[in-house]
Amino acid sequence: MGLKERRERQKESLRQEILDAARDLFVNEGYENVSMRRIAEKIEYSPTTIYLYFQDKSELLFNICEETFARLSNRLEEITKEGDDPIYCLKRGLHAYVEFGLQYPNHYKVTFLNHPTQSVDKERYLQEGAMGMNAYNHLRLGVERCVEANLFRETNIDLLSQSLWAAAHGVTAILITKCNFPWADKEKMISLVIDNLVEGLRA
């Protein structure tokens with residue numbers, strides 16, 4: 001490995017270390033309560049070092065969310081290629097969404113649960129090419145295929161997609177935030193919710 005490649009790898013490693021530290025602090029202390037200096041203290045670097053990678057805390061948060069959405073989007077993209085049965089693929093996509101949140105609870109909390117309502121450029125998350133929109137569009141594509149196959153009685157694709165997302169998010173959020181609740185059977189509960197949701201939309 002040459003000197004240039006080694007430096008690039010070191011830079012990427014430090015960038016990831018900053019993102020991981022910021023994510024943990026945002027979860028445990030709240031976005032509004034965490035400063036760039038606090039993040040620097042956690043990784044034992046000067047705040048100046050962080051500013052070489054991210055111009056402010058808002059950009060840090062955006063990159064954390066983009067990282068999360070990219071992982072989720074990749075998983076959903078794989079599922080859309082699994083088979084020809086649109087109902088099966090849609091259910092698998094919803095399952096994958098919940099499973100992703102449970103596998104990466106801190107990623108999910110920062111991106112979906114603890115996201116600040118102030119001091120953030122919300123339009124940036126909705127622009128074309130943003131990973132969040134890519135993830136949503138995979139769900140939307142799954143719904144669109146069901147509508148085109150005349151499998152649903154409702155034909156408003158965005159209404160259907162957002163309703164399914166809202167329900168999947170609700171299941172994910174309650175399992176993450178109420179992890180000590182004596183759930184009867186998490187896997188069966190997730191399947192029951194998703195099956196009832198999708199089957200309830202059948203034409």
Side-chain angles (χ1 to χ4, degrees), residues 9 12-13 15-16 19-20 22-24 27 61-115 124-152 154-177 179 183 185-203:
R9 180 173 292 185
E12 181 56 33
S13 177
R15 181 181 181 277
Q16 190 61 52
L19 288 172
D20 292 342
R23 184 188 309 107
D24 290 344
V27 168
L61 177 65
F62 177 75
N63 278 271
I64 290 171
C65 293
E66 284 288 279
E67 180 183 69
T68 301
F69 284 129
R71 290 185 183 185
L72 176 59
S73 183
N74 289 338
R75 190 170 295 187
L76 295 177
E77 184 176 9
E78 291 173 4
I79 290 170
T80 59
K81 302 173 182 177
E82 281 186 358
D84 297 327
D85 183 347
I87 291 290
Y88 168 80
C89 288
L90 180 59
K91 288 182 179 180
R92 279 293 303 124
L94 293 169
H95 270 279
Y97 180 95
V98 179
E99 290 163 3
F100 177 86
L102 299 181
Q103 184 178 357
Y104 301 103
N106 280 357
H107 289 73
Y108 197 89
K109 285 178 182 177
V110 171
T111 305
F112 293 101
L113 300 178
N114 300 347
H115 203 84
R124 191 177 187 185
Y125 293 82
L126 302 176
Q127 64 189 1
E128 185 177 353
M131 287 293 103
M133 292 307 298
N134 283 351
Y136 172 74
N137 285 331
H138 283 303
L139 170 62
R140 192 182 187 282
L141 177 60
V143 170
E144 184 177 10
R145 288 173 175 173
C146 291
V147 170
E148 288 177 349
N150 297 314
L151 297 173
F152 289 159
E154 173 62 59
T155 58
N156 185 318
I157 294 170
D158 280 311
L159 177 61
L160 286 165
S161 301
Q162 291 163 18
S163 298
L164 290 169
W165 175 28
H169 167 68
V171 173
T172 310
I174 199 169
L175 288 175
I176 289 175
T177 58
C179 56
W183 300 104
D185 187 314
K186 287 184 182 180
E187 294 303 320
K188 287 184 178 179
M189 188 268 279
I190 294 168
S191 294
L192 186 61
V193 170
I194 291 173
D195 286 346
N196 284 339
L197 280 169
V198 176
E199 294 301 324
L201 296 171
R202 289 271 202 170

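Side-chain atoms of Arg145 never come within 3.5 Å of backbone atoms of Asp85 as a donor-acceptor pair (strictly under, hydrogens ignored). The closest donor-acceptor contact from the side chain of Ser191 to the backbone of Glu187 lies under 3.5 Å. Looking at Thr111, its side chain never comes within 3.5 Å of a backbone N or O of Tyr108 through a donor-acceptor pair.
Using bins of under 30°, 30° to 60° and over 60° for the plane-to-plane angle, the ring pair Tyr104/Phe100 lands in the tilted bin. Between Phe112 and His169, the ring planes are tilted. Angles from 30° to 60° get that label.
A distance of 9.0 Å separates CZ in Arg140 from CE in Met133, rounded to the nearest 0.5 Å. To the nearest 0.5 Å, atom CD1 of residue Ile174 and atom CE of residue Met189 are 7.0 Å apart. Taken to the nearest 0.5 Å, the CD atom of Gln16 stands 4.5 Å off from the CD atom of Glu67. Note that CG of Asn134 and CZ of Phe69 are 10.5 Å apart. Values are rounded to the nearest 0.5 Å. With values rounded to the nearest 0.5 angstrom, Leu94 atom CG is found 10.0 Å from Asp195 atom CG. Residue Tyr97 holds its OH atom at 11.5 Å from CD1 of Ile194, rounded to the nearest 0.5 Å.
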* Full working for salt bridge (charged side-chain N to carboxylate O under 4.0 Å, His left out) between Arg202 and Glu154 -> CA-CA 8 Å; Arg202 289 271 202 170; Glu154 173 62 59; over 6 Å; no
* To do: Just do the side chain to side chain contact (heavy atoms under 4.5 Å, CB included) check on Leu151 and Ile87 with the steps written out, would you?
  => CA-CA 8 Å; Leu151 297 173; Ile87 291 290; 3.7 Å; yes
* Intermediate values then yes/no, side chain to side chain donor-acceptor pair (under 3.5 Å), His138 and Thr80 -> CA-CA 8 Å; His138 283 303; Thr80 59; 4.8 Å; no
* To do: Start with the C-alpha gap between Glu199 and Lys91, add the side-chain angles, then the distance that decides, and say whether side chain to side chain contact (heavy atoms under 4.5 Å, CB included) holds.
  => CA-CA 10 Å; Glu199 294 301 324; Lys91 288 182 179 180; 2.8 Å; yes
* Decide side chain to side chain contact (heavy atoms under 4.5 Å, CB included) for Asn63 and Arg15; before the verdict, give the C-alpha distance in whole Å, the side-chain angles of both, and the deciding distance to 0.1 Å. => CA-CA 10 Å; Asn63 278 271; Arg15 181 181 181 277; 2.8 Å; yes
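The two residues Arg75 and Glu99 have their closest heavy-atom pair at NH1-C, 4.3 Å. Closest of all the heavy-atom pairs between Leu72 and Ala135 is CD2-CB, 4.3 Å. Residues Gly142 and Leu90 share a closest heavy-atom pair of C-CD1, 4.2 Å. Nearest heavy atom pair, residue Lys109 against residue Val27, reads CD-CG1, 3.9 Å. Nearest approach of Ile79 to Cys89, heavy atoms of both residues: CG2-O, 3.5 Å. The two atoms that bring Ala167 and Leu197 nearest to each other are CB-CD1, 3.3 Å, heavy atoms only.
Using a 4.5 Å heavy-atom threshold, the side chains of Ile190 and Leu175 count as touching. Inter-residue side-chain proximity for Val110 and Thr68 is flagged as unmet; no heavy-atom pair is nearer than 4.5 Å. Taking 4.5 Å as the limit, every side-chain heavy atom of Ile157 sits out of range of all side-chain heavy atoms of Phe152.
With respect to the salt-bridge test (charged N to carboxylate O, under 4.0 angstrom), the residues Arg71 and Glu66 do not qualify.
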